[in-house]
J.: 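Take a look at the following structure, please.
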Amino acid sequence: MTGPLSIPRIIVGQPSHVGEPAAVGTGFRSFPYRPAAVIDGWSTAAATIRAASLRGHLHCYNGAPRQDDVCVHQLPGGRIVVAVADGVSGASQSHLGAACATKVAADWLRAHIDGDLTRIDWLQLYKCVAWDLAERVQGLFGLAEPDPIRAEQELATTLVCAVIEPTGMGALRAYLTCVGDSGAWLLSNGEFMPVLGGKPTSGDGIASAAVTGLPRVPRDITPTVVDFTSGDVLLIGTDGVGDPLGDGQGGVGKLFHAVLGVASPPSVIEFAHAVDFSREMFDDDRTLVAVWPRYAVSGHSDDGGSTYRGLGG
């Protein structure tokens, strides 16, 4: 093949502003290095994963960094840990807060998950992340001690955490929790069903733009448990996806249904391309993780995890 190759952005309705991305501004700390996009994807015996965290069109234009972050890990035994964070725009270094939150959450879950997922101390997880943010701000600004108030001013972030395990033939179970307005949805039978989080609404149905995130921790964290099977897709993402998705009946919902609700999951690049859609008025950072059930359980390993036999791709 010779000549230029052009891959146009997917446009839904009227496009948002798109131009050559600006370098990250000096006010946001150019180190540690933070890429504009993170994409990932792989399969285990039980599940197929796709993930993308992308710098939004507004931040590409105004020089702000990607304030979202994502971590996806497979644990020994086959369980999958997902952490998705969205730095609060009013906090000047929230991109660092989001990165800190996903890493600490994933590390905590790896270290504290035992054989019974119903025994996870989710409240302690979020308290641990909140304290790490307070310690992080101490190091960033040379403070005498960890400072939760300064952490909220500089590093505030939402956080969704999930642990996913196989339960049977082509079946998965997810335990999900969140602080802030990021969320989760289940694409099943052609419908997007809200599972967790999202923006709070007033009595007249108008969504609030106010976000309360970490290091503020609610008094109680109760997991939402979702069982899903072959043909379903669990989605975990930030409001950069959730806001334009809405109830799933609009253009973005139709796009995601066409790309995600098919027999074979899209490639990693196809998935990221869809998440990078252009739609007027929706130019925030976008992070989305999609999980498809894949195979059947055949037995259990000595470490309390599961082993599998394949039933097809």
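Residue indices begin at 1 and follow the sequence shown.
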J.: Any side-chain heavy atom of T224 within less than 4.5 Å of one from V195?
T.: yes
J.: Quick one: does NZ or CZ of R150 land under 6.0 Å from the six-membered ring centre of F141, within 45 degrees of the ring axis?
T.: yes
J.: Can any side-chain N or O of Q93 pair as donor or acceptor with the backbone N or O of G27 at less than 3.5 Å?
T.: yes
J.: Rounded to the nearest 0.5 Å, what separation is found between the CG atom of D40 and the OG atom of S53?
T.: 11.5 Å
J.: Quick check on the hydrophobic clustering: are V84 and W185 connected, directly or via other members, by side-chain heavy-atom contacts under 4.5 Å?
T.: no
J.: Using a 4.5 Å cut-off on heavy atoms from C-beta on, say whether the side chain of V70 contacts that of V72.
T.: yes
J.: Evaluate the side-chain hydrogen bond (donor to acceptor under 3.5 Å, both in side chains) criterion for residues E154 and S92: first the C-alpha distance (whole Å), next the side-chain angles of each, then the deciding distance (0.1 Å), finally the verdict.
T.: CA-CA 5 Å; E154 305 287 353; S92 65; 2.3 Å; yes
J.: Check for a donor-acceptor pair, side chain of T44 on one end and backbone N or O of A47 on the other, with a separation under 3.5 Å.
T.: yes
J.: Got a donor-acceptor contact below 3.5 angstrom from the H112 side chain to the W108 backbone?
T.: yes
J.: Minimum heavy-atom separation for G56 and D285, please, with both atom names.
T.: N-OD1, 2.6 Å
J.: When hydrophobic residues are tied together by side-chain contacts of less than 4.5 Å, even through go-betweens, does F192 share a cluster with V226?
T.: no
J.: Any sub-3.5 Å donor-acceptor pair from T238's side-chain atoms to T287's backbone N or O?
T.: yes
J.: Taking the side chain as everything from C-beta on, heavy atoms only, tell me whether T158 gets closer than 4.5 Å to L214.
T.: no
J.: Walk me through whether V179 and I221 qualify under side-chain contact (heavy atoms from CB on, under 4.5 Å).
T.: CA-CA 9 Å; V179 171; I221 300 286; 4.0 Å; yes
J.: I need the minimum non-hydrogen distance between P215 and A130, along with the two atoms involved.
T.: O-CB, 3.4 Å
J.: Determine, stepwise, if the pair D69 / T102 fulfils side-chain hydrogen bond (donor to acceptor under 3.5 Å, both in side chains).
T.: CA-CA 7 Å; D69 211 87; T102 56; 3.0 Å; yes
J.: Within this structure, what is the CE-CG distance for the pair M193 and L235, rounded to the nearest 0.5 Å?
T.: 10.5 Å
J.: What's the shortest heavy-atom distance between S182 and G237, and which atoms?
T.: CB-O, 3.4 Å
J.: Run the side-chain contact (heavy atoms from CB on, under 4.5 Å) check on R119 and D114 step by step: do they pass?
T.: CA-CA 8 Å; R119 298 171 56 187; D114 59 17; 3.6 Å; yes
J.: Decide yes or no on side-chain contact (heavy atoms from CB on, under 4.5 Å) for D243 and L245, but give the supporting numbers first.
T.: CA-CA 5 Å; D243 286 357; L245 177 62; over 6 Å; no
J.: Nearest 0.5 Å, what's the CG-CG distance between L255 and L260?
T.: 8.0 Å
J.: Spell out, as yes or no, whether a donor-acceptor pair under 3.5 Å connects the side chain of R55 to the backbone of A64.
T.: yes
J.: Which atom names give the shortest non-hydrogen contact between G240 and F277, and what distance separates them?
T.: O-CZ, 4.5 Å
J.: Quick check: closest heavy atoms across G13 and I11, and the distance to 0.1 Å?
T.: O-CG2, 3.4 Å
J.: Does a side-chain heavy-atom distance below 4.5 Å link C161 with L125?
T.: yes
J.: Counting distance only, does the side-chain N/O of Y175 pair as donor-acceptor with the main-chain N or O of I120 below 3.5 Å?
T.: no
J.: Keeping D147 on the side-chain end and I149 on the backbone end, is there a donor-acceptor pair under 3.5 Å?
T.: yes
J.: Nearest 0.5 angstrom please: S188 OG to D232 CG, how far?
T.: 3.5 Å
J.: V129 and side-chain contact (heavy atoms from CB on, under 4.5 Å): which partner among T157, D107, L159?
T.: L159
J.: So do V104 and W131 actually touch side chain to side chain, heavy atoms under 4.5 Å?
T.: no
J.: Kindly indicate whether the side chain of R34, heavy atoms from C-beta on, has any atom under 4.5 Å from the side chain of Q67.
T.: no
J.: Could you check if a side-chain atom of D239 sits within less than 4.5 angstrom of a side-chain atom of D284, using non-hydrogen atoms only?
T.: yes
J.: Kindly work out whether a path of hydrophobic side-chain contacts (I/L/V/M/F/W/Y, heavy atoms less than 4.5 Å apart) joins F271 to I269.
T.: yes
J.: Would you confirm whether H59, through its side chain, and A22, through its main-chain N or O, come within 3.5 Å as a donor-acceptor pair?
T.: no
J.: Please name the pair of heavy atoms, one in A105 and one in A83, separated by the smallest distance, quoted to 0.1 Å.
T.: CB-CB, 4.3 Å
J.: Tell me whether N189 at atom CG has more than 12 heavy atoms from other residues, nucleotides or ligands lying less than 6.0 Å away.
T.: no
J.: Please round to the nearest 0.5 Å and tell me the distance separating atom CZ of R50 and atom CD of E270.
T.: 9.0 Å
J.: Using a strict 4.0 Å threshold on nitrogen-to-oxygen distance, state whether R136 and D132 make a salt bridge.
T.: no
J.: Indicate if L288 and V12 have the same hydrophobic cluster label, given that clusters are the connected sets of ILVMFWY residues with side-chain heavy-atom separations under 4.5 angstrom.
T.: yes
J.: Is D68 salt-bridged to R286, cutoff N-O under 4.0 Å?
T.: no
J.: Would you say the side-chain atoms of H57 pair up with the backbone N or O of S16, donor to acceptor, closer than 3.5 Å?
T.: no
J.: Should V241 and V259 be counted in the same cluster of Ile, Leu, Val, Met, Phe, Trp and Tyr side chains packed under 4.5 Å apart?
T.: yes
J.: Quick test of your reading of the model: are R173 and D227 salt-bridged, counting only N-O distances below 4.0 Å?
T.: yes
J.: Before you tell me yes or no, could you show the steps for E152 and R216 under side-chain contact (heavy atoms from CB on, under 4.5 Å), namely the whole-Å CA-CA distance, both residues' side-chain angles and the distance that decides it to 0.1 Å?
T.: CA-CA 8 Å; E152 183 175 27; R216 290 184 180 267; 2.5 Å; yes
J.: Taking the side chain as every heavy atom from C-beta outward, state whether E165 and L172 have any atom pair closer than 4.5 Å.
T.: no
J.: Nearest 0.5 Å, please: how far is CD1 in I236 from CG in L234?
T.: 4.5 Å
